[in-house]
Amino acid sequence: MSDPGPGAGVRHVSLRSGVYADSVRLMQVSRDVGARDGVSAVLVAMATPLNVDLAAGMGLAPEETPAPDQLLIGIRADDDDALAAAVAAVDAALAERERSRATADAQPARTIGAGLDDLDPNTAALAIVSVPGQYAALEAADAIAAGRSVLVFSDGVPVEQEVALKRAARDAGVLVMGPDCGTAIVSGVALGFANVVRPGPVGLVAASGTGAQQVSCLLDAAGAGVSHVLGVGGRDLSEAVGGLATLDALAALDADPATERVLVVSKPPAPSVAAEVARVSAGLATPVRSAALSPETPDLTAAVEALLADMGRDVPVWPSRPGPEEAAPPGAVLKGYYSGGTLADEAMLLAARVLGDVRSNTPLRPELDLGTDLSASGHVVVDFGDDALTVGRAHPMIDPTLRLEAIERLAASGEPAVLLLDVVLGHGADPDPAAALAPALAAARGRAQLPVVVALVGTEADPQGWGRQADALAAAGAAVFASNAAATRYALDLLGAAQ
């Protein structure tokens, strides 16, 4: 439909069935069309509840109730000509996507199994599955049956399917990384969200994507480097999964001659599973250290520093950029807006020691749950990368929209606060996160007395460049730290919280 909508101009809102595209591609279409002259707002996304709510907030809600597998196209423009050109540009972008998927000579394989059938059976291969969660287990099972390890990038996979896949992989002598495995480095090849880090003797087993990125980047800064980063999925150390992939990954690294030390990185694990991992680790030839977060061990940086001491290496001064000399406003609270779930957990564990209760959409205790509106007075940490917020839309390390909106609301709310953020660099992430974030921070600080602290996870070799990003964020008034633990402690210092 095309009609006047809220605000100036005209709008087009439509739903299309039988069309699917991944959220990153649709985000790029939205950005490209939104940059056209005369176009004021664009949302091209799968019609998940989250995206429909986002469309409603933009005044682009469909009149009928959509199905999540429909494509939602919403555009607002200054006039009919600009609107028609924008709709045509969306159509052209979607058509180009279809043309790029196949050539005139051959159709691409439609399943993992078909793709592997085209390979020499003696070819070593790691399959990567990135499809909607309800289909991921079928694709991963094909890879396991073909004798290949598999990285399941998809989230939304039922836990019983995860357990079945990992048991089948153990029987087949291969490894399942995931589901919801966003980060891995295998024999120097970065997969998913991963940083450019030097090769070295440390192997990581990671039930955490951003935790693995933090640790690998600190090891790089210390001159140590990594042999492999084997992601196992955020649920692997839960009671339900029982550490199946973690134990398999430990065995693989123990057999790897390039790996001299192993570090296990995780959000807070189930105690019984952590105990079993520790028991198995003690029997390996390769020394294993834990960097599993808990109220007693809430600091990934401290775990890296302990590992460096084990290796006889000096602990460097971790990179940082000082912020402006300023104090928090009277009565200020902590507002943590994170893209990385493990980094959010680390911040909450450190903050809760001195601030008390911290509310979150991924809380340390169920009674501290924020609810669906993600806002509350007092101390709050939001994980914008939580699965519930990424259904049908790109991860916040790619698409910062939800977090930028939250920063704007915080500045307008009048609640005194210190703002704590993470920015994660590397392959797959926003090619220039400071380009959008720095102006938003400067605008927020122009409206309110709002000290800003940033944990910037990355390396100088990353495509974005740690130093370039740090300088841009510091110029916007943020204090910048390579260590999330250091950033959190600095924010707590600004709040006057004794540590």
Side-chain angles (χ1 to χ4, degrees), residues 22-24 125-130 149-155 175-234 236 245-246 249 252-253 256 258-259 262-267 291 300-301 304 319 338-343 346 385 390 394-399 422-433 455-466 468-469 482-484:
D22 69 85
S23 56
V24 176
L126 171 70
I128 300 175
V129 173
S130 181
S149 294
V150 57
L151 186 152
V152 184
F153 190 84
S154 310
D155 58 20
L175 178 66
V176 170
M177 293 185 278
D180 198 16
C181 176
T183 298
I185 300 174
V186 180
S187 300
V189 178
L191 303 170
F193 298 113
N195 302 90
V196 181
V197 296
R198 71 188 73 205
V202 180
L204 303 184
V205 178
S208 158
T210 52
Q213 290 187 262
Q214 169 77 105
V215 167
S216 63
C217 290
L218 293 177
L219 287 170
D220 180 85
V226 300
S227 56
H228 309 276
V229 177
L230 303 181
V232 294
D236 194 70
T246 296
L253 291 175
D256 174 41
T259 301
V262 175
L263 193 64
V264 179
V265 184
S266 174
K267 296 180 182 181
L300 294 177
T301 303
V304 171
Y338 274 81
S339 60
T342 300
L343 301 180
E346 181 181 43
T390 58
H395 192 279
M397 291 197 302
I398 303 171
D399 179 5
D422 66 339
V423 175
V424 185
L425 309 180
H427 293 301
D430 188 324
D432 186 8
L456 181 62
V457 176
T459 70
E460 288 295 348
D462 282 331
Q464 305 88 345
W466 192 94
R468 294 193 303 275
Q469 296 294 313
S483 160
N484 182 55

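Any value given below was found using the heavy atoms of this structure, including those in side chains, with hydrogens, waters and symmetry copies removed. Note that this is a predicted model, so its numbers are computed, not measured.
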Output, in order, the C-alpha distance, side-chain angles, deciding distance and verdict of side-chain contact (heavy atoms from CB on, under 4.5 Å) for Val197 and Leu219.
CA-CA 8 Å; Val197 296; Leu219 287 170; over 6 Å; no

Report the C-alpha separation of His228 and Ser187 in whole Å, then their side-chain angles, then the decisive distance to 0.1 Å, and conclude whether the side-chain contact (heavy atoms from CB on, under 4.5 Å) test is met.
CA-CA 6 Å; His228 309 276; Ser187 300; 3.5 Å; yes

Which heavy atom in [X] sits nearest to a heavy atom in [Y], and how many Å separate them?
X      : Y      : value
Cys181 : Leu151 : O-CD2, 3.6 Å
Ser339 : Val424 : OG-CG2, 4.0 Å
Leu218 : Ala482 : CD2-O, 4.2 Å
Pro201 : Ala224 : CD-O, 3.3 Å
Ser208 : Thr342 : OG-OG1, 2.5 Å
Gln464 : Leu425 : OE1-CB, 3.5 Å

Chi angles and distances behind the side-chain contact (heavy atoms from CB on, under 4.5 Å) call for Val196, His427:
CA-CA 8 Å; Val196 181; His427 293 301; 3.5 Å; yes

Looking at [atom1] of [X] and [atom2] of [Y], how far apart are the two atoms once the value is rounded to the nearest 0.5 Å?
X      : Y      : atom1 : atom2 : value
Met397 : Asp422 : CE    : CG    : 8.5 Å
Asp236 : Met177 : CG    : CE    : 12.0 Å
Ile128 : Ser154 : CD1   : OG    : 11.0 Å
Cys217 : Leu300 : SG    : CG    : 12.0 Å

Under a plain distance cut-off of 3.5 Å, with no hydrogens placed, do Glu346 and Asn484 share a side-chain donor-acceptor pair?
yes

Do the side-chain N and O atoms of Thr459 and Asn195 include a donor-acceptor pair separated by under 3.5 angstrom?
no

Do [X] and [Y] have side-chain heavy atoms sitting under 4.5 Å apart?
X      : Y      : value
Val152 : Asp180 : no
Val215 : Leu204 : yes
His395 : Phe193 : yes
Leu253 : Leu230 : yes
Val129 : Phe153 : no

Start with the C-alpha gap between Ser227 and Asp256, add the side-chain angles, then the distance that decides, and say whether side-chain contact (heavy atoms from CB on, under 4.5 Å) holds.
CA-CA 9 Å; Ser227 56; Asp256 174 41; 4.2 Å; yes

I need the single residue from Asp462, Asp430, Asp432 that forms a side-chain hydrogen bond (donor to acceptor under 3.5 Å, both in side chains) with Gln469. Which is it?
Asp432

Report yes or no: does [X] contribute a side-chain atom to a donor-acceptor pair with the main-chain N or O of [Y] at less than 3.5 Å?
X      : Y      : result
Arg198 : Gly225 : no
Trp466 : Val457 : no
Gln213 : Thr183 : no

